[in-house]
Amino acid sequence: MGPQYWWPGESRFEVIVGAVLTQNTSWKNVEKAIANLKKSNLMNIKRLTNENGKNIATLIRPSGFYNIKTRRLKNLLNYLKTRFGSDLRKASCISTGVLRKELLAVNGIGKETADSILLYAFNRPVFVVDSYTKRVLARHKMLRGDEEYDEISKIFYESLPEDAGLFNEYHALIVRLCKEFCYAVEPLCGKCLLKKL
DNA sequence: GACCAGGCACATC
DNA sequence: GATGTGCATGGT
């Protein structure tokens, strides 16, 4: 199906911001929040780090959970500032394992958000397990349903070569599958049945 | 008006 | 360790 060009974002920093904003939120809403930040010239690590929380919260409002997401962004920005002096290029000399551990230590950054940042912002060979991933595996009876995050990612690590580019495309295709075809809970919902006919 | 969307932390048992 | 809950908007 050709390259999917993921993650949708113009810069590494934009990917990082989007990873937090999209927590339990549709990407459509996140796009509005990102557009607001860009309009205010705040899609920049140093400027956003120095911006007051109240204004950030107002701008990211469309993405929902705006107060808690503002706090999470602040926590993450604070880590990036103390660790890299807000220069993301400095992350290149840190091992993926260490980077992941540090990201997970930031309050508000869980496994999926950390892995999204690692893969899509830092190009590390990490497989992202999100609700799309789980849905596809579940529909193909590859999950019982009570597996933990690391247990699910293990399926991919044990089946695929460790390759960031491959993991990127693979996950993007899983998402495309979910969006273009019916991967809801039921085997085939009425709407998709009609579409098929 | 109900339900859902690319989570996470925290309280409680 | 497992389960429940708050966080909030916008689209269908």
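Reminder, nothing fancy here: chain letters follow the sequence lines and each chain counts from 1. Predicted, not measured: the structure shown is a model, and the values here were computed from it. Every heavy atom of this structure was used, including side-chain atoms; hydrogens, water molecules and symmetry mates were not.
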Rounded to whole Å, how long is the line connecting atom NZ of A:K69 with atom P of B:dA5?
14 Å
When A:N107 and A:T22 are each assigned the nearest nucleotide of DNA chain B, the 5'-most assignment goes to A:T22
Closest approach to the side chain of A:N29, judged atom by atom: which nucleotide of B:dC8, C:dT9, C:dG11 is it?
C:dT9
Atom C1', compared across C:dT3 and B:dA5: separation rounded to whole Å
22 Å
Donor on one side chain, acceptor on other, A:T25 and A:K69, under 3.5 Å:
yes
Could you check A:Y170 against A:F156 for ring-ring contact (aromatic ring centres under 6.0 Å, His included), going step by step and ending with a plain yes or no?
CA-CA 10 Å; A:Y170 205 114; A:F156 294 91; 5.8 Å; yes
Take the protein atom CZ of A:F65 and the nucleotide atom P of B:dG6, then report the distance between them rounded to whole Å.
13 Å
Report the distance from atom CZ of A:R72 to atom P of B:dG6, rounded to the nearest whole Å.
17 Å
Between C:dT5 and B:dG6, how far apart are the two P atoms, rounded to whole Å?
24 Å
Whole-Å gap separating P (B:dA5) and NZ (A:K134):
12 Å
For a side chain to side chain contact (heavy atoms under 4.5 Å, CB included) check, start with the C-alpha distance between A:L143 and A:I155, then their side-chain angles and the critical distance, and finish with the verdict.
CA-CA 10 Å; A:L143 294 180; A:I155 296 171; 4.0 Å; yes
Applying the side-chain hydrogen bond (donor to acceptor under 3.5 Å, both in side chains) test to A:Q4, which of A:R176, A:E169, A:H171 qualifies?
A:R176
Look at the side chain of A:K32 and decide which nucleotide, out of B:dG6, C:dA8, C:dG10, has an atom nearest to it.
C:dG10
